[in-house]
Peer 1: 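Just dropping this structure here.
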Protein chains: 2
Amino acid sequence: MPAHAQTSTAAIVAAGRRLLEEHGADALTMRDVADTVGVRTPSLYKRVRSRSDLFRLIVEDVAGELNAAIDAAANSGDPAADLRATARAYRSFARANPIAHTLLFVPQAATGGTALPERTTATLLRLVTELAGPHNALPAARTVVAWAYGFITMELAGAFQLTGDIEQAWDFGLDHVLNAIQQT
Amino acid sequence: MPAHAQTSTAAIVAAGRRLLEEHGADALTMRDVADTVGVRTPSLYKRVRSRSDLFRLIVEDVAGELNAAIDAAANSGDPAADLRATARAYRSFARANPIAHTLLFVPQAATGGTALPERTTATLLRLVTELAGPHNALPAARTVVAWAYGFITMELAGAFQLTGDIEQAWDFGLDHVLNAIQQT
DNA sequence: ACCTGAACACCGTTCAAGT
DNA sequence: ACCTGAACACCGTTCAAGT
């Protein structure tokens, strides 16, 4: 009566994540995942409810990693320096996981909301409060996140089509946005 | 020898756009488009090369409309007022076309780049140059677009999960971003 | 308890045959 | 010149049958 487990949810999620970044979301098939983890397609349904459930698990995995990367970056004690480091860590993470990153802020059909990492939100709000005071902390944090998310997403999508130094645009934007929210 | 045209590329694109907003990108099937325009599925391939080609045509259509909406909004002569009106028009358009809007800045498999409306880029760069001077016009324009795109995309995705007035966050962000790029 | 082959409904796409 | 039915390869998903 063997028939013991040939794979695991973690292995399936890891395979899905790799295939997602390699071939794009549309080309992520249950068959490819099954082949990668060494099992037949129907066996995947013992661990994941459906293909969209697999996406949800992948996004959770990615969100957890982003949380950890941002927590590790924000540790200098100086809120302005920490906000810069946070933005840099976020950008690095998005560059390393360009496709998974776009899924982070997309409405999840399953949950109704998005997978924006909760812990990241709390860290960011704390830093912005230290930098700009409590009065307008929430709108200020939303301004920083909107700029960073927009810049990084557009950069990865190749949406900055005019020539010009994109690093300079990043530094310019970060400087001016952080400066702006301090003057509340 | 009738067998004359029962549909048109424009009708197919319009039907595709409507179904896209109604049911989402994944649920947009060639069969549904064919049913909507009153033809059998294979006939679509007389006008459209493929499903991804249909997406490209839809995005072009949407981009053209956004161009027109933004050009119509930016006509006061005052660059600061025009930038505000542009941002407002962009946000209204995105709210009216939430799914199509997300496709605007996504890498198009076919073209390699994105469908960011060219004319909008030119209008925006002109306004920012008038407001902030030519020195840092490009990075300043990229800061404004990144913030607006990020804010609108996150808002539509439901990514602003904490309670708090989102209108206030929009006004706060627009005020501070525009103010920041003036101080160059 | 997990794995599998077979089957189902559904896709996008092609093509020969019709008018 | 456009339209169509039939067919193909490929999906996600289910399920009874194996061990």
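The shown structure was predicted, so the numbers you read here are calculated from the model rather than taken from an experiment. Atoms considered below: every heavy atom in the structure, side chains included; atoms not considered: hydrogens, waters and symmetry mates. Each chain gets a letter, A, B and so on, in the order its sequence line appears, and its residues count up from 1.
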Peer 1: Can Glu155(A) and Arg142(B) be counted as an ion pair, charged N to O under 4.0 angstrom?
Peer 2: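 Arg142(B) and Glu155(A): not salt-bridged.
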
Peer 1: Who are the side-chain hydrogen bond (donor to acceptor under 3.5 Å, both in side chains) partners of Glu22(B), not counting sequence neighbours?
Peer 2: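 Glu22(B) satisfies side-chain hydrogen bond (donor to acceptor under 3.5 Å, both in side chains) with no other residue.
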
Peer 1: Using a 4.0 Å heavy-atom cut-off across all strands, classify Arg47(B) as base, sugar-phosphate, or nothing.
Peer 2: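 If one applies the 4.0 Å heavy-atom cut-off, Arg47(B) turns out to touch the sugar-phosphate alone, with no base involved.
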
Peer 1: What residues, two or more places apart in sequence or in another chain, satisfy side chain to side chain contact (heavy atoms under 4.5 Å, CB included) together with Ala14(A)?
Peer 2: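 Side chain to side chain contact (heavy atoms under 4.5 Å, CB included) list for Ala14(A), sorted by chain: empty.
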
Peer 1: State which residues pass side chain to side chain contact (heavy atoms under 4.5 Å, CB included) with Asp175(A); sequence neighbours excluded, sorted by chain then number.
Peer 2: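 Once residues adjacent in sequence are excluded, the partners of Asp175(A) under the side chain to side chain contact (heavy atoms under 4.5 Å, CB included) criterion are Arg84(A).
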
Peer 1: Among dC3(D), dG5(C), dC2(C), which is the nearest nucleotide to the side chain of Thr7(B)?
Peer 2: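 From the listed options, dC3(D) comes nearest.
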
Peer 1: Can you list the stems that include DNA chain D, where a stem is three or more consecutive Watson-Crick or G-U pairs with distances under 3.5 Å?
Peer 2: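 Listed by first number, the stems are C:4-8 with D:12-16, C:12-16 with D:4-8.
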
Peer 1: Out of dT14(D), dC3(D), dC3(C), which nucleotide sits closest to the side chain of Tyr45(A)?
Peer 2: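 Nearest to the side chain of Tyr45(A) among the choices is dT14(D).
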
Peer 1: Would you call Glu167(A)-Arg91(A) a salt bridge at under 4.0 Å N-O?
Peer 2: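 Yes.
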
Peer 1: Nearest-Å distance, NE2 (His4(A)) to C1' (dG18(D))?
Peer 2: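 It is 16 Å, rounded to the nearest whole Å.
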
Peer 1: Taking the side chain of Ser43(A) as its heavy atoms from C-beta onward, which of dT13(D), dT4(C), dT14(C) lies nearest to it?
Peer 2: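 Taking heavy atoms from C-beta onward, the closest nucleotide is dT4(C).
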
Peer 1: After noting the C-alpha distance and the side-chain angles of Glu21(A) and Arg17(A), does the key distance pass the salt bridge (Lys or Arg N to Asp or Glu O under 4.0 Å) rule?
Peer 2: CA-CA 6 Å; Glu21(A) 289 297 346; Arg17(A) 231 183 113 169; over 6 Å; no

Peer 1: I need the CG-P distance between Leu44(A) and dC3(C), as an integer number of Å.
Peer 2: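 Rounded to whole Å, this separation is 9 Å.
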
Peer 1: Could you work out, with ring-ring contact (aromatic ring centres under 6.0 Å, His included) as the rule, every residue matching Tyr90(A), not counting sequence neighbours?
Peer 2: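 Partners of Tyr90(A) under the ring-ring contact (aromatic ring centres under 6.0 Å, His included) test: His101(A).
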
Peer 1: Is the shortest heavy-atom distance from the side chain of Thr29(A) to the side chain of Leu19(A) under 4.5 Å?
Peer 2: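 The answer is no; the side chains never approach within 4.5 Å.
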
Peer 1: Pull out every residue in residues 12-41 of chain A that has a heavy atom closer than 4.0 Å to any atom of DNA chain C, ordered by number, or say none.
Peer 2: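 Close to the strand are Val39(A), Arg40(A).
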
Peer 1: Counting heavy atoms from C-beta on, name the nucleotide in dC2(D), dC15(D), dG12(D) closest to the side chain of Pro42(A).
Peer 2: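 Given the options dC2(D), dC15(D), dG12(D), the side chain of Pro42(A) is closest to dC15(D).
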
Peer 1: Quick one: Gln6(A) CD to dA1(C) P, roughly how many Å, whole number?
Peer 2: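 That distance rounds to 17 Å.
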
Peer 1: Mind calculating the distance between CZ (Arg51(A)) and P (dT13(D)) to the nearest angstrom?
Peer 2: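 Arg51(A) atom CZ is separated from dT13(D) atom P by 8 Å.
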
Peer 1: How about Tyr149(B) and Phe151(A): are their ring centroids closer than 6.0 Å?
Peer 2: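 Distance test on ring centres: not under 6.0 Å, no.
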
